[in-house]
Colleague: 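My structure is below; once you've seen it, I'll send some questions.
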Number of protein chains: 2
Amino acid sequence: MTVTLADVADRAGVSPATVSRVLNGNYPVAAATRERVLAAVDELDYVPNGPASSLAAATSDLVGILVNDIADPFFGIMAGAAQSAIGEGGPGRAGGGEKLAVVCNTGGSPERELTYLTLLQRQRAAAVILTGGSLEDPGHLAATAAKLARLADGGTRVVLCGRPPLPGDTTAATLAFDNRAGARRLTEHLLELGHRRIGYVAGPADRTTTRHRLEGHRAALAAAGVPEGPAAHGRYDRSSGYEATSELLRLDPELTAIVAANDTVALGVCAALRDRGLSIPDDVSVAGFDDLPFSVDAVPALTTVRLPLHEAGVRAGRLALGTEPAPPGGLATVPAELVVRGSTGRPRGWPADAGG
Amino acid sequence: MTVTLADVADRAGVSPATVSRVLNGNYPVAAATRERVLAAVDELDYVPNGPASSLAAATSDLVGILVNDIADPFFGIMAGAAQSAIGEGGPGRAGGGEKLAVVCNTGGSPERELTYLTLLQRQRAAAVILTGGSLEDPGHLAATAAKLARLADGGTRVVLCGRPPLPGDTTAATLAFDNRAGARRLTEHLLELGHRRIGYVAGPADRTTTRHRLEGHRAALAAAGVPEGPAAHGRYDRSSGYEATSELLRLDPELTAIVAANDTVALGVCAALRDRGLSIPDDVSVAGFDDLPFSVDAVPALTTVRLPLHEAGVRAGRLALGTEPAPPGGLATVPAELVVRGSTGRPRGWPADAGG
DNA sequence: TTGAAAGCGGTACCAT
DNA sequence: ATGGTACCGCTTTCAA
């Protein structure tokens, strides 16, 4: 049958307690004894029973990583980085130590988010990391905050990555992307190039990332005294960008630039422009957010705001592990940086040296 | 402190056994009793202790999904589909039922693959799904097979998705993509268009997908009596495709088409061609494998083989759940289909109506 | 239909 | 430095 700790103890001629100590390395054990125990472990090919330890120790080695869309590299990059950061934790031995970092796909659904949190609570997870923008619905926010509070006082470490802190929540360590400043810089760049008719393709109306990026965009326009162009909302996916583009061009056929709330959306914008016989960036310049290698490299003319997804993921992993100290006030803002690619993307007829 | 089953029992005026029965729904309980118990559960906001149930029941509700690269939509699509298929399983109640589907990122490393399998074994996972091509190293294959055998006789259901069955393994249900036929069809298509000098960018040398796709490619060439063009190996990522392209063009500057073992790689190929001032598909046609919406939509001229990633993921999830019966012989081959996009991609000077 | 109680496999405190 | 041994919270016979 399956080998238990008691079997190992018998084989090594020691007590179960000693085996436990050797495996967990949290208590002094004579070198000779340790050797015998480890030998027995190998010979019997013993694998500890996770649930049993979790029950006894009142905590498990599971770390949950919640993402809105697992098929989007935006989350893949963050989650992957977090997972490696967490994997570094323990030794390679058969004994405990290593955490099991697991990613859970909410599909952007608030219900599934809560379901997963409950599941992780049930597992007595060591930590949970919530990534990406969240819904702004007050009801859901309250429910989430309550759930996170329960998790926290159940001993689960909570980390928010790429989403703002919850109102009234003090337990979660937060890494927030500076979406406002990033979006602002993106639009400022287009303005400097001479663009005056700029469309905007936004994400779902009720998400924090959507709102913050839109705010940054508008702030740039307002500061420059340029009137706001047409905007269209949609999902954070390609087809949404495609459809929104038709809408924008219908509202203003003279657009010279389009800002997309997300690189994936930007790809859809590009596709729509091509299908209408417009070239990028000669007819219309396109700017995106995220700088995902996958999508952006395919359109070298894209101007983009880069989010340090990988770095944020690593830090989130360390916060979950407790390796990195919580940021002051529980919140750290991760900056976003502007990336300008192959082409300058000036509107037609605009002098090449204008705009500084 | 935290609410236990006993608390619920007290509140409802019944025994712990009864509460357990109500929550698991696997035993008849009087309707009135059930009501009282469920009420108590709600009032106390009871969340079952997962490790405790897993220990007692000798199985957990964890389902592990192993992927080679979580930042690659190829795996994201499959994993996401599998996860939803698994989520459908149980009811929404506080009680048991729902499985926790978790994706684990191996990064393509055999060691991490084994580590995750051990971790899942330790958790007494209900099922594990291994996705994507595997290493062909005999040592690793044997180790994996052994590990999977242990998992299986520990009660864990094993599903292989997008990778061939292990030699001598009878326990795993397998869904394999028809990589050979897909690659063959891709190359046949280029041949029909008139291409005669075709380069090939392959994946890592020791992976099953790499070998099978290359075999299909060569089979098509051999059948047509066309000599094999240059080939270059690399990772399954964009920069690898970029570098390989320089290599291929150095080996044969007269290439009219390049086949990439993967869409992500194909994107790198496209980037390299653009940087050399070559247009797609007028100077060089590019063909890829996978048909990921992300990358492929960015290059409408790309000819591609589409793998039904989503469907495979769903089926893998059902197999893991036991909802779908195992395929005959334990193995089902999932077909691959050819997708031809915007351009015909004929080589220059080739008559438009040639080749059928 | 319901209750009582014996585990499930470790952990950690208390002895020695 | 090591052993003995009550739990941890739930499942599952066995009785009633």
Side-chain angles (χ1 to χ4, degrees), chain A residues 1-38 40-41 44-62 94-97 121-124 126 154-155, chain B residues 1-38 40-41 44-62 94-97 121-124 126 154-155:
Chain A
M1 281 288 302
T2 76
V3 182
T4 74
L5 202 163
D7 299 332
V8 176
D10 283 353
R11 189 84 151 87
V14 299
S15 78
T18 301
V19 177
S20 174
R21 288 175 187 133
V22 170
L23 258 26
N24 292 308
N26 51 11
Y27 209 86
V29 172
T33 314
R34 145 176 289 109
E35 290 314 314
R36 264 186 305 141
V37 169
L38 291 179
V41 165
L44 269 45
D45 199 14
Y46 168 66
V47 175
N49 182 311
S53 349
S54 299
L55 174 56
T59 178
S60 82
D61 48 10
L62 267 187
Q121 178 183 7
R122 180 184 310 176
Q123 299 296 330
R124 303 300 189 257
Chain B
M1 280 297 302
T2 75
V3 182
T4 73
L5 201 164
D7 299 331
V8 176
D10 284 353
R11 188 83 151 86
V14 298
S15 76
T18 302
V19 177
S20 172
R21 287 174 188 134
V22 170
L23 259 27
N24 293 308
N26 51 10
Y27 208 86
V29 172
T33 314
R34 144 175 290 110
E35 291 314 314
R36 264 187 302 141
V37 169
L38 291 179
V41 165
L44 268 45
D45 198 14
Y46 169 67
V47 175
N49 183 311
S53 348
S54 298
L55 173 56
T59 176
S60 82
D61 47 10
L62 268 186
Q121 178 183 6
R122 181 185 309 176
Q123 299 295 331
R124 303 300 187 257

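Order of the sequence lines sets the chain letters (A, B, ...), proteins ahead of strands, with each chain counted from 1.
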Colleague: Work out which heavy atom in Gln123(A) is nearest to a heavy atom in Ser60(A); give both atom names and the distance.
Modeller: O-OG, 3.3 Å
Colleague: Closer than 4.0 Å, any side-chain N/O of Asn24(B) to the OP1 or OP2 of dT11(D)?
Modeller: yes
Colleague: Heavy atoms from C-beta onward define the side chain here; which of dC8(C), dG10(C), dT11(C) lies closest to that of Leu55(B)?
Modeller: dC8(C)
Colleague: Quick one: is Ser15(B) getting a side-chain N or O under 4.0 Å of the dG3(C) phosphate, OP1 or OP2?
Modeller: yes
Colleague: State which residue, out of Val19(A), Thr18(A), Leu38(A), fulfils the side-chain contact (heavy atoms from CB on, under 4.5 Å) condition with Thr33(A).
Modeller: Thr18(A)
Colleague: Where is the tightest heavy-atom contact between Leu23(B) and Tyr46(B), given as atom of each residue plus distance?
Modeller: CD2-CE2, 3.6 Å
Colleague: Establish, with yes or no, whether the OP1 or OP2 oxygen of dT11(D) is under 4.0 angstrom from a side-chain nitrogen or oxygen of Ser20(B).
Modeller: yes
Colleague: How long is the line joining CD of Gln123(B) and P of dG9(C), in whole Å?
Modeller: 15 Å
Colleague: Please state how far atom CG in Asp61(A) lies from atom C1' in dG10(C), giving the value in whole angstrom units.
Modeller: 13 Å
Colleague: Gln121(A) has an atom CD; how far is it from atom P of dG9(D), in whole Å?
Modeller: 14 Å
Colleague: Closer to the 5' end of DNA chain C via nearest nucleotide, is it Gly13(B) or Ser54(A)?
Modeller: Gly13(B)
Colleague: Within the 4.0 Å heavy-atom criterion, would you say Val14(A) contacts the bases, only the backbone, or no part of the nucleic acid?
Modeller: sugar-phosphate
Colleague: Considering residues at least two apart in sequence or located in another chain, which fulfil the side chain to side chain donor-acceptor pair (under 3.5 Å) criterion with Ser54(A)?
Modeller: none
Colleague: Considering only dT1(C), dG10(C), dG9(C), which nucleotide approaches the side chain of Ala30(B) most closely?
Modeller: dT1(C)
Colleague: What is the distance, to the nearest angstrom, from the CZ atom on Arg122(A) to the P atom on dG9(D)?
Modeller: 16 Å
Colleague: How close or far is atom C1' of dA12(C) from atom CG of Asn26(A), stated in whole angstroms?
Modeller: 9 Å
Colleague: Side-chain N or O of Thr33(B) less than 4.0 angstrom from OP1 or OP2 on dT2(C)?
Modeller: yes
Colleague: Among Pro16(B), Ser53(B), Pro48(B), which residue meets the side-chain contact (heavy atoms from CB on, under 4.5 Å) test with Leu5(B)?
Modeller: Pro16(B)
Colleague: Which atoms form the tightest heavy-atom contact between Val29(A) and Arg34(A), and what is the distance?
Modeller: O-NH1, 3.7 Å
Colleague: Which value, rounded to the nearest 0.5 Å, describes the distance between Thr4(A) atom OG1 and Leu44(A) atom CG?
Modeller: 9.0 Å
Colleague: Mind calculating the distance between CG (Leu5(A)) and P (dG4(D)) to the nearest angstrom?
Modeller: 14 Å
Colleague: In whole Å, I'd like the distance from the CZ atom of Arg124(B) to the C1' atom of dC10(D).
Modeller: 17 Å
Colleague: What nitrogen or oxygen pairs link the protein and nucleotides 13-16 of chain C at under 3.5 Å?
Modeller:
residue : atom : partner  : partner atom : Å
dC13(C) : N4   : Arg21(A) : NH2          : 3.1

Colleague: So if I take every side-chain heavy atom of Tyr46(A) and compare against dG10(C), dA12(C), dA1(D), which nucleotide ends up nearest?
Modeller: dG10(C)
Colleague: Using a heavy-atom cut-off of 4.0 Å across all strands, would you classify Val29(B) as base, sugar-phosphate, or nothing?
Modeller: sugar-phosphate
Colleague: Give a yes or no on whether the backbone of Ala126(A) and the side-chain of Thr59(A) come within a donor-acceptor separation of less than 3.5 Å.
Modeller: no
Colleague: How close or far is atom P of dG7(C) from atom CG of Asn49(A), stated in whole angstroms?
Modeller: 18 Å
